[in-house]
Visitor: 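Structure in structure tokens, see below.
In listed order, ligands and their atoms are each counted from 1. Only this structure's heavy atoms are used, side chains among them; waters, hydrogens and symmetry mates stay out.
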Amino acid sequence: MKPIEEKTLIIIKPDALNRSLVGEIIHRFERKGLKLVGIKMVQLTDEILKEHYAHLADKPFFPRIAKFMKSWPVIVMVVEGLEAVESVRLITGDTLGRKADAGTIRGDFSMSVQANIVHASDSVENAEKEVKRFFKDDELFSWDRVGLEVIYAEDERE
Ligand code: TYD
């Protein structure tokens with residue numbers, strides 16, 4: 001069985017902050033059963049955005065998203081759970097908000113490709129790198145959840 005400590009990085013983007021959706025977004029991940037193990041507000045810089053969006057650095061829209069992402073602060077958070085990376089991507093929905101499935105965060109709150117409310121790590125490998133990029137070890141918390149047995153089956157917790 002896979003670990004229930006799989007971590008993934010979520011960024012609540014400037015559009016969500018300006019639209020007062022921060023609580024709503026955190027709520028969606030929290031009520032799913034994902035465990036919050038780190039959270040803070042940060043100001044992104046060109047340096048960190050070049051690293052974070054390295055796979056898009058050659059795209060014509062890169063300067064546009066970099067400008068957007070650093071125009072206001074963002075919330076970065078780490079959640080943990082069984083297959084958390086995949087689960088968070090499913091809750092997040094497709095990149096293009098206006099075509100994302102209803103019920104997903106982007107499907108419910110976004111009409112845009114740029115202003116699409118959240119970033120979520122897209123693989124376990126990238127999640128490990130992204131968590132390290134934004135959080136020091138002492139900013140992540142390991143805590144025992146009360147009532148884990150109502151979140152997972154016995155064999156899923158082993
Ligand atoms: P990407 O990593 O492809 O998508 P996702 O966020 O779903 O993992 O793209 C990163 C961000 O870049 C995306 O959330 C919004 C922006 N973007 C654009 O502005 N235009 C585009 O055509 C694409 C593909 C992405």
Visitor: Salt-bridge test for Arg28 and Glu24: reply yes if a basic N is under 4.0 Å from a carboxylate O, no otherwise.
Guide: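 Result for this pair is yes, salt bridge flagged.
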Visitor: At what distance is the nearest protein heavy atom to atom 8 (O) of ligand 1, and which residue and atom is it?
Guide: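 Ranked first by proximity to atom 8 (O) of ligand 1 is Arg89 NH1, 2.9 Å.
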Visitor: Is any side-chain heavy atom of Ile4 closer than 4.5 Å to one of Glu80?
Guide: no
Visitor: Looking only at protein heavy atoms, identify the closest one to atom 7 (O) of ligand 1 and say how far it is in Å.
Guide: Thr95 OG1, 2.6 Å
Visitor: Which residue and atom name correspond to the protein heavy atom nearest atom 19 (O) of ligand 1, and how close is it?
Guide: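 For atom 19 (O) of ligand 1, the nearest protein heavy atom comes out as Arg64 NH1, 3.0 Å.
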Visitor: Is it true that Ile65 lies under 4.0 Å from ligand 1, counting heavy atoms only?
Guide: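 Under 4.0 Å: yes for Ile65.
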Visitor: So does Met41 have more than 12 non-hydrogen atoms from other groups sitting under 6.0 Å from CE?
Guide: yes
Visitor: Which residue supplies the protein heavy atom nearest to atom 24 (C) of ligand 1, what is that atom called, and how far is it?
Guide: Phe61 CZ, 3.8 Å
Visitor: Is any side-chain N of the basic residue among Lys70 and Asp46 closer than 4.0 Å to the acidic one's carboxylate O?
Guide: yes
Visitor: Cation-pi check for Phe135 against Lys40: NZ or CZ below 6.0 Å from the six-membered ring centre and within 45 degrees of the axis, yes or no?
Guide: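 Flagged: Lys40 positioned over aromatic ring of Phe135.
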Visitor: Measure Asn116 to ligand 1 on non-hydrogen atoms and call it side chain, backbone, both or neither using the 4.0 Å cut-off.
Guide: side chain
Visitor: Please check whether Arg106 reaches ligand 1 - meaning an N/O of the residue sits under 3.5 Å from an N/O of the ligand, judged on distance alone.
Guide: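 Between Arg106 and ligand 1 (N or O atoms, distance only) the closest approach is under 3.5 Å.
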Visitor: Students should be able to answer this: which protein heavy-atom is nearest to atom 15 (C) of ligand 1, and at what distance?
Guide: Val113 O, 3.0 Å
Visitor: Where on Met69 is there a heavy atom closer than 4.0 Å to ligand 1, on the side chain, on the backbone, on both, or on neither?
Guide: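 Neither; no heavy atom under 4.0 Å.
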Visitor: Indicate yes or no for a side-chain donor-acceptor contact from Thr8 to the backbone of Ala127 under 3.5 Å, with no hydrogens or angles considered.
Guide: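 Pair absent, no side-chain N/O of Thr8 close to backbone of Ala127.
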Visitor: If you measure from each non-hydrogen atom of Leu56 to ligand 1, which part falls under 4.0 Å: side chain, backbone, both or neither?
Guide: side chain
Visitor: Which residue and atom name correspond to the protein heavy atom nearest atom 1 (P) of ligand 1, and how close is it?
Guide: His55 NE2, 4.1 Å
Visitor: Any side-chain heavy atom of Gln114 sitting closer than 4.5 Å to one from Arg64?
Guide: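 In contact.
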Visitor: Heavy-atom contact under 4.0 Å between Lys13 and ligand 1?
Guide: yes
Visitor: Does any non-hydrogen side-chain atom of Ile39 lie less than 4.5 Å from one of Val76?
Guide: no
